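Written out below as structure tokens is the structure these notes cover.
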Amino acid sequence: MEKCVIQGQNNHSWHSDALKKGQWKNIELEKDVSIKGEEEAEEEADHLFIQLEDEVMYSTGEEAKVKVFGKVYNIPRKQATYGDAGLTYTYSGVTRSACTWTPTLEYIRDAVTKTTGYTFNFVLINRYKDGQDHIGEHRDDEKELDPLCPIASVSLGAARDFIFRHRDTRGKQNCRHIEPVKMELAHGSLLLMNQPTNTYWYHSLPVRKKVLLPRINLTFRRIVQDNKK
DNA sequence: AACTTAACAGTTAC
DNA sequence: GGTAACTGTTAAGT
């Protein structure tokens with residue numbers, strides 16, 4: 001039975017049973033996932049941030065838009081998609097195609113594989129230039145995502161709040177009392193989101209006016225391309 | 001054929 | 001008096 005739904009680097013880990021009942025339980029305290037010492041890890045994160053700022057090319061035009069509730073918007077952040085040749089990822093009515101891996105992205109991808117034991121063929125990159133940039137509540141429930149592979153979220157740069165809300169507490173069907181789960185995603189941190197997190201829980205990165213520096217987030221995924229249709 | 005919505009604006013809560 | 005936290009959209013895609 002799959003127990004671990006969310007695994008955060010520092011102290012976030014819960015039973016899915018507890019999740020369904022709305023009783024979050026911390027079942028594990030995981031130490032720094034990095035093999036290196038803290039100081040060294042910090043320096044490496046700094047280095048990776050600088051490298052990515054140089055290497056990553058962000059989407060423009062169609063691929064930088066979403067369609068929500070019948071309208072087209074420019075996304076309130078920058079976004080890029082890298083991965084194995086030919087892979088595409090569609091959300092909010094727009095299909096993104098993978099650019100070829102850069103050396104730094106391959107390095108981070110392999111480091112995450114070493115830490116987690118999972119392999120990934122795609123990464124969605126979101127860059128939030130400051131606290132005004134954000135992403136709204138959503139689930140990563142796209143059909144092309146391999147349900148057996150968690151999504152690995154790597155954070156670099158400014159720390160930002162990250163909020164989970166249970167679907168039964170939103171809008172009209174808010175009959176249940178389940179507290180949102182809030183955490184800070186720090187520079188150099190890794191968050192693993194296993195199933196069925198993305199079935200029951202929406203997540204967002206809300207506006208934080210006091211944050212003045214940029215954050216880069218990389219979500220490594222395993223895509224199973226659907227060639228039919 | 002229901003069901004959902006990675007966006008925003010507007011309102012309420014603090 | 002500001003930020004933060006909820007609500008309601010809306011027509012197209014799944």
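Note that the coordinates shown come from a computational prediction; the quantities given were computed from them, not determined experimentally. Just so it is clear, the values below take in all heavy atoms, side chains as well, and ignore hydrogens, waters and symmetry mates. Residue numbers begin at 1 in each chain, while the letters A, B, ... track the order of the sequences.
The nucleotide B:dA7 finds its pairing partner in C:dT9, both defining distances of the Watson-Crick or G-U wobble pair being shorter than 3.5 Å.
At the heavy-atom level, A:Val207 lies under 4.0 Å from the strands shown only through sugar-phosphate atoms. No contact: A:Gln79 has no heavy atom under 4.0 Å from any strand.
Put simply, the side chain of A:Glu137 and the base of C:dA5 share no donor and acceptor less than 3.5 Å apart. For a distance-only test at 3.5 Å, the side chain of A:Asp140 qualifies as a donor-acceptor partner of the base of B:dA6. Judged by distance alone with a 3.5 Å cut-off, a donor-acceptor contact links the side chain of A:Tyr89 to the base of B:dA6.
Salt-bridge formation is detected for the pair A:Arg221/A:Asp140: a Lys NZ or Arg NE/NH1/NH2 atom is positioned less than 4.0 Å from an Asp or Glu carboxylate oxygen.
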Just do the side-chain contact (heavy atoms from CB on, under 4.5 Å) check on A:Ser97 and A:Leu87 with the steps written out, would you? CA-CA 6 Å; A:Ser97 51; A:Leu87 289 180; over 6 Å; no
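To the nearest 0.5 Å, atom CG of residue A:Leu52 and atom NE2 of residue A:His47 are 9.5 Å apart.
The phosphate of B:dT4 has neither OP1 nor OP2 within less than 4.0 Å of any side-chain N or O from A:Tyr202.
Checked against C:dA4, B:dA7, B:dT4, the side chain of A:Lys209 finds its nearest nucleotide in C:dA4. The side chain of A:Arg208 sits closest to C:dA5 out of B:dA7, C:dA5, C:dT7.
For the residue pair A:Arg96/A:Thr90, the side-chain donor-acceptor check at 3.5 Å is not satisfied.
Nearer the 5' end of DNA chain C, as judged by each residue's closest nucleotide, is the contact made by A:Lys210, out of A:Lys210 and A:Gly93.
Under the stacking definition used here (centres under 5.5 Å, planes under 30°), the residue A:Phe69 fails to qualify as stacked on the base of B:dC8.
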